[in-house]
Amino acid sequence: MDEERLLEELKTVFPQRPEVAEGPGDDAAAIRLPGTGRLLLTAVDQVVAGVHVLPGEAPERIAGKLVRRNVSDIAAMGGAPAYAMLTAAMNPLSQEFLTAFHRGVQNACGEYGICVVGGDVSSLPEPGAVFTLSLFGYSEPGTLKLRRFARPGDLLCGTGCYGRSFESGHHLNFRPRLREGLFLGKSEAVHAMMDVSDGLLKDARRMALESGLSLNFDCGRIPLRAGASVEDALCDGEDYELICAVAPEGAEALCSAFPNLTRMGCFTDGVPGAVSGIPVLNKKGFDHFHEDT
């Protein structure tokens, strides 16, 4: 079993109601709101001590990462966040830690106009800590961008730079690309979009696979974080940048209007999910079923 196979299997487990415009499988779910063209976006993500943050990390920094990684999912759908629900499970339970954590959540939510409307606190039977945020937001008519709608000839474009997120501290200090997501969501040249959390290669391949296309990388154009190699950029993950499939005739104007958007490859007809143009790699993108990356 691996993460990809499990996710595909789970899509068949949960039947969806008619008003669900997009169910499991994208960065967020989308639900039609009666009497309006707007969509309610729903995303959920967690931070697990020892997996997403190192042991002993400050509660405020954990809180900030938890909020921002969920905001990144809403941004990838071309939407804006609005409401959140929060859970915390710890062993040992610490009132001092939990107070600082919840204040950190509020500080981070306040930056994005998010209102925390409920949550839960629990103990764990074994030492550890798990923090979960469910985030709700809205997408205006015509701005929803799904990862499965890349077209042959589309250019793979991405915001920011990639690689060495943990080593540089970026995974704790990143700013979700909310402004960029809103901008790209309004562009007719952008056909598909998603955020990069498990690694540029793995997530871009997901976009190609779900769009039924192959992907050719132009690795010399990938923006590298300080000290990162191409392999790091392709495989490290935790970048929280946005990647999108852009019509070639609209790419130049889009990249000129938004300078931090870089062309990194091209989608083509071919074996779905097949990737070319990359070097031999020793690393892999993150997979919760395998410890090696």
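Atom set for the values below is all heavy atoms of this structure, side chains included, hydrogens, waters and symmetry mates excluded.
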Taking [Y]'s backbone N and O only, do any of them form a donor-acceptor pair with [X]'s side chain (distance below 3.5 Å, no angle check)?
X: Ser187; Y: Ala189; answer: yes
X: Thr99; Y: Glu96; answer: no
X: Thr87; Y: Gly119; answer: no
X: Ser168; Y: Ser165; answer: yes
X: Thr143; Y: Gly185; answer: no

Is [X] linked to [Y] within one hydrophobic cluster, defined over Ile, Leu, Val, Met, Phe, Trp and Tyr using a side-chain heavy-atom separation of less than 4.5 Å?
X: Ile222; Y: Met207; result: yes
X: Val67; Y: Met90; result: yes
X: Phe101; Y: Leu93; result: yes
X: Leu98; Y: Leu133; result: yes
X: Val47; Y: Leu86; result: yes

Is any side-chain heavy atom of [X] less than 4.5 Å from a side-chain heavy atom of [Y]?
X: Met85; Y: Val117; result: yes
X: Leu234; Y: Pro279; result: yes
X: Asp269; Y: Ser214; result: no
X: Leu184; Y: Leu254; result: yes
X: Cys157; Y: Ile243; result: no

Closest approach of [X] to [Y] (non-hydrogen atoms, all atoms of both residues):
X: Ser139; Y: Leu41; answer: CB-CD1, 3.9 Å
X: Glu57; Y: Phe97; answer: O-CE1, 4.2 Å
X: Phe131; Y: Leu66; answer: O-CD1, 3.5 Å
X: Leu155; Y: Arg263; answer: CD1-CD, 3.8 Å
X: Ala204; Y: Phe267; answer: O-CE2, 4.4 Å
X: Gly50; Y: Pro55; answer: CA-CD, 4.4 Å

Please report the interatomic distance [atom1]([X]) to [atom2]([Y]), rounded to the nearest 0.5 Å.
X: Asp218; Y: Asn216; atom1: CG; atom2: CG; value: 7.5 Å
X: His171; Y: Ser197; atom1: NE2; atom2: OG; value: 14.0 Å
X: Leu281; Y: Leu201; atom1: CG; atom2: CG; value: 6.5 Å
X: Asp195; Y: Met193; atom1: CG; atom2: CE; value: 10.0 Å
X: Asp236; Y: His170; atom1: CG; atom2: NE2; value: 11.5 Å
X: Leu261; Y: Leu242; atom1: CG; atom2: CG; value: 9.0 Å

Give the C-alpha distance, both sets of side-chain angles, the deciding distance and a yes or no for side-chain contact (heavy atoms from CB on, under 4.5 Å) between Thr268 and Leu215. CA-CA 6 Å; Thr268 63; Leu215 174 61; over 6 Å; no
Could you tell me if Lys65 and His52 have a donor-acceptor pair between their side chains, going purely by distance under 3.5 Å? no
Kindly write out the residues that satisfy side chain to side chain donor-acceptor pair (under 3.5 Å) with [X], not counting sequence neighbours, or none if the list is empty.
X: Asn107; result: none
X: Tyr138; result: none
X: Asp239; result: Arg225
X: Ser229; result: Asp232

Charged N to carboxylate O under 4.0 angstrom, Arg151 versus Asp154? no
For [range], pull every pair meeting salt bridge (Lys or Arg N to Asp or Glu O under 4.0 Å), keeping only residues two or more places apart or in separate chains.
range: residues 158-170; answer: none
range: residues 107-134; answer: Glu111-Arg175
range: residues 241-255; answer: Arg177-Glu241
range: residues 29-56; answer: Arg38-Glu140, Asp45-Arg69

Nonpolar side-chain network containing Tyr240, other nodes, edges under 4.5 Å: Phe174
Intermediate values then yes/no, side-chain contact (heavy atoms from CB on, under 4.5 Å), Tyr162 and Val196: CA-CA 9 Å; Tyr162 302 84; Val196 176; 4.3 Å; yes
All ring-ring contact (aromatic ring centres under 6.0 Å, His included) counterparts of Phe149, not counting sequence neighbours: none
For residues 182-225, which residue pairs pass the ring pair (Phe, Tyr, Trp, His ring centres under 6.0 Å) check, not counting sequence neighbours? Phe183-Phe258
Could you walk me through whether Leu39 and Leu33 pass side-chain contact (heavy atoms from CB on, under 4.5 Å), step by step? CA-CA 6 Å; Leu39 295 170; Leu33 295 172; over 6 Å; no
So the side chain to side chain donor-acceptor pair (under 3.5 Å) pairs with at least one residue in residues 17-29 (sequence neighbours excluded) are Arg17-Glu19, Glu22-Arg148, Asp27-Arg147
Check against side-chain contact (heavy atoms from CB on, under 4.5 Å), Leu135 and Asp73: CA-CA 9 Å; Leu135 187 57; Asp73 283 333; over 6 Å; no
